[in-house]
Protein chains: 2
Amino acid sequence: MLSALGEVFRAHGYEGASLALISEATGLGKGSLYHFFPGGKEQMAAEVLGSIDAWFVTEIYRPLRKASDPRGGIADMFAGVDTYFRSGRRVCLIGVVALGNARDLFADRVKEYFVAWVDALALALRKLGHSPTVARHLAEQAVLEIQGALVLARAVNDRKVFSRALMRSHRRLMLTRPERSQRRSI
Amino acid sequence: MLSALGEVFRAHGYEGASLALISEATGLGKGSLYHFFPGGKEQMAAEVLGSIDAWFVTEIYRPLRKASDPRGGIADMFAGVDTYFRSGRRVCLIGVVALGNARDLFADRVKEYFVAWVDALALALRKLGHSPTVARHLAEQAVLEIQGALVLARAVNDRKVFSRALMRSHRRLMLTRPERSQRRSI
DNA sequence: GTCTATAAAGCGATAGAC
DNA sequence: GTCTATCGCTTTATAGAC
């Protein structure tokens, strides 16, 4: 249900996703939709964004934070991201909202999604011996590369752009060696 | 004129930019707007995208291709990009359209913008001795980092994210040394 | 060229029958 | 819980006066 809703918002954006389209995609009439979402379209989008955020927390962020082997945790993150975004064919709804005009409506959720991602990845990188600052910047870089890869892959309509970017990003995180003086145990 | 139009599309997206908003931003009534753009909103957006593309060609891509000193050309590119995007406060309209539902309408222009960017940067990198393939991947990476930085900076509402990403990207391009066996003169 | 008036369609949202 | 009918408003676009 929220999943079908998400695909409509993904495909048409917040403004573009009319109740007619939503009704068609979910197979529910407007009456039923307003029964489930008394808050209307804004509530629908908010719950969709919330469910995406929750999915990332349980499927990506938490495993990444809890991973006993940070390298394996990071590898799982990239694998999960590749699957979720269907190797670049699927767009990041949170990113779309961040760029769009509906950003103000959902600013908190959008920010939380990205902050949690950077935090989780930065923690794994600290376990590899990076200083808090370096870990944070490396994590920020990786997240931003994924978002940029989604934009570029969709713009030039070539999902190999996405795969390549994901591989480069993963490889760089694995190869970047922490400075000796910054190495620490956690 | 096209500039004022561009800001409206940037701020509200293609769907969100109603003729009422456009009329207000340009100071022209609907009648006048349809006098200049008989094709309506779609023509307005197409011409705005075209003008942005043209700006990047003359201000960024061409200087980058023609630069006698590739390192200086690349530095100018990053400086120009930082200025254009107002250090991350301004969003990339082409990127927004690429992610949005209006993408199909303007797919050609969107693709051309990014292809031309990657091509121009790849040419400069080849002049530094990189192989065509490596140069292309490095260029693709830099362009995608800029787009991702715009998304992330806007999402977390912190333009320092953009500045940092631009600096890292520039620095990496300057530090990545071409393989000896791939070095060539152009 | 610029305006106002208006058409025709689509929008989000509501009411009320079932 | 799901539907249809409908409200009130906004949308893009056009017509025609000036």
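Below, each value reflects all heavy atoms present in this structure, side chains not excepted, and no hydrogens, waters or symmetry copies. To find a chain, count down the sequence lines: A is the first, B the second, and so on, and within it residues start at 1.
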Check the distance between [N]'s [atom2] and [X]'s [atom1] and give it to me in whole angstrom.
X       : N      : atom1 : atom2 : answer
A:Leu33 : C:dG12 : CG    : C1'   : 12 Å
B:Met44 : D:dT12 : CE    : P     : 9 Å
A:Phe36 : C:dA13 : CZ    : P     : 17 Å
A:Tyr34 : C:dG12 : OH    : C1'   : 5 Å
A:Ile22 : C:dA13 : CD1   : P     : 9 Å
B:Leu19 : D:dA13 : CG    : P     : 6 Å
B:Glu42 : D:dA13 : CD    : C1'   : 14 Å
A:Leu21 : C:dC11 : CG    : P     : 7 Å

With a non-hydrogen cut-off below 4.0 angstrom, is A:Ser18 in contact with a base, only sugar-phosphate, or nothing?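 The residue A:Ser18 makes sugar-phosphate contact but no base contact.
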How is A:Gly40 classified with respect to the nucleic acid when contacts are heavy atoms under 4.0 Å: base, sugar-phosphate, or nothing?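 Sugar-phosphate only.
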Can you tell me if B:Met167 has over 12 outside heavy atoms packed within less than 6.0 Å of its CE?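 12 or below, so no.
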Can you tell me if B:Gln43 has over 12 outside heavy atoms packed within less than 6.0 Å of its CD? yes
Please confirm whether the shortest side-chain N or O distance from B:His35 to OP1 or OP2 of C:dT2 is below 4.0 Å.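 It does not, given that no N or O in the side chain of B:His35 lies less than 4.0 Å from OP1 or OP2 of C:dT2.
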Closest-nucleotide ordering on DNA chain C, the 5'-leading residue of A:Gly31 and B:Gly31: B:Gly31
Tell me which nucleotide among C:dC3, C:dA13, D:dT2 gets nearest to the side chain of A:Lys41.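 For A:Lys41, the side-chain atoms sit closest to C:dA13.
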Can you tell me how the ring of A:Tyr113 sits relative to the ring of A:Phe56, calling it parallel under 30°, perpendicular over 60° and tilted otherwise?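 A:Tyr113 and A:Phe56: perpendicular rings.
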Carboxylate-amine/guanidinium contact B:Arg172 B:Glu145, below 4.0 Å: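 Looking at B:Glu145 together with B:Arg172, the answer is yes, because their closest N to O distance falls below 4.0 Å.
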